[in-house]
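See below for the structure under consideration.
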Protein chains: 2
Amino acid sequence: MTSPEPCPVARALDAIGDRWSLLIVRDAFDGVQRFGDLQRNLGMARNILSDRLRKLVDAGVLQTQPASDGSAYQEYALTAKGLGLFPVVVALRQWGEDQLFAPGEAHSSLVEKASGQPVARMQPQTADGRVLAPGAAVVRKLG
Amino acid sequence: MTSPEPCPVARALDAIGDRWSLLIVRDAFDGVQRFGDLQRNLGMARNILSDRLRKLVDAGVLQTQPASDGSAYQEYALTAKGLGLFPVVVALRQWGEDQLFAPGEAHSSLVEKASGQPVARMQPQTADGRVLAPGAAVVRKLG
DNA sequence: CAGTATCCCTCAAGATACTG
DNA sequence: CAGTATCTTGAGGGATACTG
């Protein structure tokens, strides 16, 4: 479970598959960029957040940049690599909403209601754009 | 980080966000259904695999069924809920391939080459099917 | 405010022996 | 072969005090 993982899924999980990284990334997509905001938002220990941020920066998922409000501190922003996690976060949210909530149960995708806009969803598809349903036909194509 | 998580992403990660579950699910999508095959394939300790399988069954992601070869044991198969993780696994694999491998480096999505068929890819899209690029416009829609 | 440094502790994970 | 039982370890994580 370490070193040169040959499986892309395993390698991805090695990079961002821990308990906090993807939640940090989700918040980053949501525009949260400050240490304190992340910490309050996620309710995690400062040292852990600090460590996770460093690792995400080392991994090239986040980058630090001067604070937009002119304060002496920095902000954490998604890199291109980090933005590439968008489908992952969307897919996770989608599965969570579809499979992990009771029919009437409220979840916190409030933005949809607030904005009146449907949130992004995912559909696996072939390279030529045909929609793909999970099942026997694709079962051996996951790598 | 426990109990009634209101965020779908957090709840999803609570269910399958540990170090092994998604790898087991990936193998399941790949047709691996036997305890011993999973154990050898993933190189994980028997007791951990046993525990993880039980939890995945409890979570409704996997179900046991009589072995197809008539042996006395059982097989672990994806439920509908588990099949719903297809986009998640695909998105993870896609990100891994695109961002975590050097240009010429080989990864183990051999199936594509073997079958000559392109593997599934993901594209986030709106409810009406328009393709969505990650960025400012969608940044507040992740929930 | 944005971190770092310490201390502590739980739990996930590994190894391995055992059972039907 | 398909697990279960037991033991041990180490890393991940939490609380909190501290610094620039």
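Note that this is a predicted model, so its numbers are computed, not measured. Just so it is clear: chains get the letters A, B, ... in the order the sequence lines come, proteins before strands, and each one is counted from 1.
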For D51(A) and dT6(C), what is the distance between atoms CG and P respectively, to the nearest whole Å? 15 Å

Show which side-chain atoms of residues 44-56 of chain B pair as donor or acceptor with protein atoms under 3.5 Å away, not counting sequence neighbours.
{"from": "D51(B)", "atom 1": "OD2", "to": "K55(B)", "atom 2": "NZ", "distance (Å)": "3.3"}
{"from": "R52(B)", "atom 1": "NH1", "to": "D18(B)", "atom 2": "OD2", "distance (Å)": "2.9"}

Could you work out, with side-chain hydrogen bond (donor to acceptor under 3.5 Å, both in side chains) as the rule, every residue matching R40(B), not counting sequence neighbours? D37(B)

What does the list of N/O pairs under 3.5 Å between the protein and nucleotides 18-20 of chain C look like, with a distance for each?
{"from": "dG20(C)", "atom 1": "N2", "to": "Y73(B)", "atom 2": "OH", "distance (Å)": "2.9"}

To the nearest angstrom, how far is Y76(A) atom OH from dG3(C) atom C1'? 8 Å

Within less than 4.0 Å of OP1 or OP2 of dT4(D), is there a side-chain N or O belonging to R54(B)? yes

Please classify the nucleic acid contact of Q39(A) as base, sugar-phosphate, or nothing, using heavy-atom distances under 4.0 Å. nothing

Distance in angstrom units between D18(A) CG and dA12(C) P, rounded: 15 Å

Give a yes or no on whether the backbone of L100(B) and the side-chain of R11(A) come within a donor-acceptor separation of less than 3.5 Å. yes

Within residues 72-91 of chain B or reaching into it, pairs that qualify as salt bridge (charged side-chain N to carboxylate O under 4.0 Å, His left out) - sequence neighbours excluded: none

Does a side-chain N or O of Q74(A) approach OP1 or OP2 of dG3(C) to a distance below 4.0 Å, or not? yes

Do the side chain of T79(A) and the main chain of Q63(A) share a donor and acceptor less than 3.5 angstrom apart? no

Could you state the atom-to-atom distance from CD1 of I48(B) to P of dG10(D) in whole Å? 16 Å

In this structure, CG of L42(B) is separated from CG of D27(B) (nearest 0.5 Å) by 4.5 Å

Closer to the 5' end of DNA chain C via nearest nucleotide, is it A45(B) or E75(A)? E75(A)

Expressed as a whole number of angstroms, how long is the span from K55(B):NZ to dA13(C):C1'? 11 Å

Residue list, side chain to side chain contact (heavy atoms under 4.5 Å, CB included) with Y73(A), at least two apart or on another chain: R34(A), S71(A)

L49(B) atom CG is separated from dG3(D) atom C1', nearest whole Å, by 9 Å

Measure the distance from CG on L42(B) to C1' on dG14(C) and round it to the nearest whole Å. 15 Å

Side chain to side chain contact (heavy atoms under 4.5 Å, CB included) partners for A59(A), two or more places apart: V61(A)

Measure distances between side-chain N and O atoms of N47(A) and base N and O atoms of dT16(D), and say whether any donor-acceptor pair falls under 3.5 Å. no

Integer-rounded Å distance: dG12(D) C1' and D14(A) CG: 15 Å

Any side-chain heavy atom of P8(A) sitting closer than 4.5 Å to one from F101(B)? yes

Of the listed nucleotides (dC1(D), dA13(C), dG13(D)), which one gets closest to any side-chain atom of R34(B)? dC1(D)

Which nucleotide in the list dG14(C), dA12(C), dG3(D) gets nearest to the side chain of M44(B)? dG14(C)

Given that S50(B) and R40(B) both sit by DNA chain D, which one's nearest nucleotide is further toward the 5' end? R40(B)

Does some side-chain heavy atom of I24(A) sit less than 4.5 Å from a side-chain heavy atom of Y76(A)? no

Using five base pairs at each end, measure the axis-to-axis angle across the helix from dC1(C)-dG20(D) to dG20(C)-dC1(D) and round it to 10 degrees. 40°

Side-chain atoms of R19(B) come closest, of dA13(C), dC1(D), dG3(D), to dA13(C)

